[in-house]
Amino acid sequence: RQPYSDHLPECLLLAERIGSPTALPGFAEGHVLIQDAASCQVVALLAPRPGETVYDLCAAPGAKTTHVAQRMQGRGRIVALDSRERRLAKVLQNWERLRLPADLLETVAADARTWRPDDGALADRVLVDAPCSGLGTLRRHPETLIDLAPERLDAYPPLQSAILANGFALLKPGGTLLYST
């Protein structure tokens, strides 16, 4: 194992396949979370800082959300949003396993196209890791092609656009919005 890069010292590159991630030393103790290099890059580009407010509009299963918390050193506010309550359970499961501060995270089951915080607060940073077709993962998940229908693909651009527009509406002037798929 070696650091992935100088700007991501917290991310290690594994030289070979490991089988089940849960078999890694330190996984059960909350020292390890598996995500691919591109996901690590997303959080590095978002560049969250301690004390900031971050809205993660498509948070489940929580790898980027927990990485944001690590970068914030446990200080600030993270709102993790997902349209399905059952998917937010995975965010909480990862959060608890990694022993991150409970008061840093708020989970919300809501539509990212229209959600507004109850307190009206705007965010320093907004992460929109928008729902997508999964075609970029075909090499690892060829089964994606089994249910792929053109009408399903046509649904993504308007959904992504609406989430992105709402993300900008939730952002403080001078804030940072990062969009990824």
Side-chain angles (χ1 to χ4, degrees), residues 3-5 7-12 21 26-132 159-181:
Y4 176 72
S5 71
H7 71 282
L8 289 169
E10 70 273 18
C11 297
L12 299 177
F27 185 89
E29 296 81 10
H31 302 298
V32 176
L33 181 78
I34 302 297
Q35 62 180 325
D36 66 22
S39 294
C40 291
Q41 293 283 359
V42 166
V43 175
L45 291 169
L46 183 65
R49 295 185 203 130
E52 291 185 327
T53 295
V54 177
Y55 294 159
D56 185 351
L57 296 187
C58 306
K64 291 178 194 76
T65 310
T66 58
H67 193 180
V68 166
Q70 180 184 22
R71 286 276 177 123
M72 292 173 67
Q73 300 170 4
R75 297 190 314 270
R77 177 183 182 207
I78 299 172
V79 177
L81 193 82
D82 201 90
S83 61
R84 292 172 292 203
E85 186 79 41
R86 66 179 169 78
R87 288 181 43 87
L88 285 171
K90 187 66 174 171
V91 175
L92 289 170
Q93 180 183 14
N94 281 319
W95 194 271
E96 290 166 5
R97 186 179 59 78
L98 295 170
R99 296 178 177 92
L100 294 166
D103 62 344
L104 180 63
L105 179 68
E106 176 186 346
T107 58
V108 178
D111 187 333
R113 295 173 291 183
T114 57
W115 174 78
R116 293 287 192 275
D118 292 338
D119 63 4
L122 297 178
D124 299 288
R125 299 180 194 273
V126 173
L127 174 57
V128 176
D129 187 17
C132 65
L159 173 63
Q160 293 168 342
S161 180
I163 294 170
L164 184 60
N166 193 42
F168 277 114
L170 295 167
L171 193 61
K172 288 179 181 175
T176 299
L177 184 142
L178 191 116
Y179 176 86
S180 71
T181 61

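Atoms considered below: every heavy atom in the structure, side chains included; atoms not considered: hydrogens, waters and symmetry mates. Fair warning: this is a prediction, and the values are worked out from it, not measured in the lab.
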- Task: Please name the pair of heavy atoms, one in Ala110 and one in Leu81, separated by the smallest distance, quoted to 0.1 Å.
- Result: CB-CD1, 3.8 Å
- Query: Is the backbone N or O of Asn166 less than 3.5 Å from a side-chain atom of Arg116, with the two atoms forming a donor-acceptor pair by type?
  - Reply: no
- Interatomic distance, CZ@Arg75 vs CG@Asp103, rounded to 0.5 Å, equals 12.0 Å
- Item | Electrostatic pair Lys64-Asp129, nearest N-O below 4.0 angstrom | yes
- Message: If I take atom CG from residue Asp82 and atom CG from residue Asp56, how far apart are they, to the nearest 0.5 angstrom?
- Response: 9.0 Å
- Query: Are Tyr55 and Arg77 side-chain neighbours, meaning at least one heavy-atom pair lies under 4.5 Å?
  - Reply: yes
- Message: If I take atom OG from residue Ser83 and atom CG from residue Leu88, how far apart are they, to the nearest 0.5 angstrom?
- Response: 8.5 Å
- If you take all heavy atoms of Ala59 and Thr65, which pair is closest and at what distance? CB-OG1, 3.5 Å
- Evaluate the side-chain proximity of Leu105 to Leu100: yes if any heavy-atom separation is below 4.5 Å, no if none is. no
- Query: If we ignore angles and hydrogens, is there a donor and acceptor under 3.5 Å between the side chains of Thr66 and Asn94?
  - Reply: no
- Scanning both residues in full, the closest heavy-atom pair of Glu85 with Ala109 reads OE1-CB, 3.3 Å
- Message: To the nearest 0.5 Å, what is the distance between CZ on Arg113 and CD on Gln160?
- Response: 12.0 Å
- Please report the shortest heavy-atom distance between Arg71 and Pro50, naming the atom on each side. O-CD, 4.0 Å
- Message: Just so I know, are the side chains of Val79 and Pro117 near enough to count as touching, which here means a heavy-atom distance under 4.5 Å?
- Response: no
- Please answer whether the main-chain N or O of Lys90 pairs with a side-chain N or O of Trp95 as donor and acceptor at a distance below 3.5 Å. no
- Item | Minimum heavy-atom distance Val126-Gly167, with the two atoms named | CG2-O, 3.8 Å
- Query: Are Arg125 and Leu127 side-chain neighbours, meaning at least one heavy-atom pair lies under 4.5 Å?
  - Reply: no
- Message: Nearest 0.5 Å, please: how far is CG in Asp111 from CD1 in Ile163?
- Response: 7.0 Å
- Message: Which heavy atom of Leu171 sits nearest to which heavy atom of Asp124, and what is that distance?
- Response: CD1-O, 3.7 Å
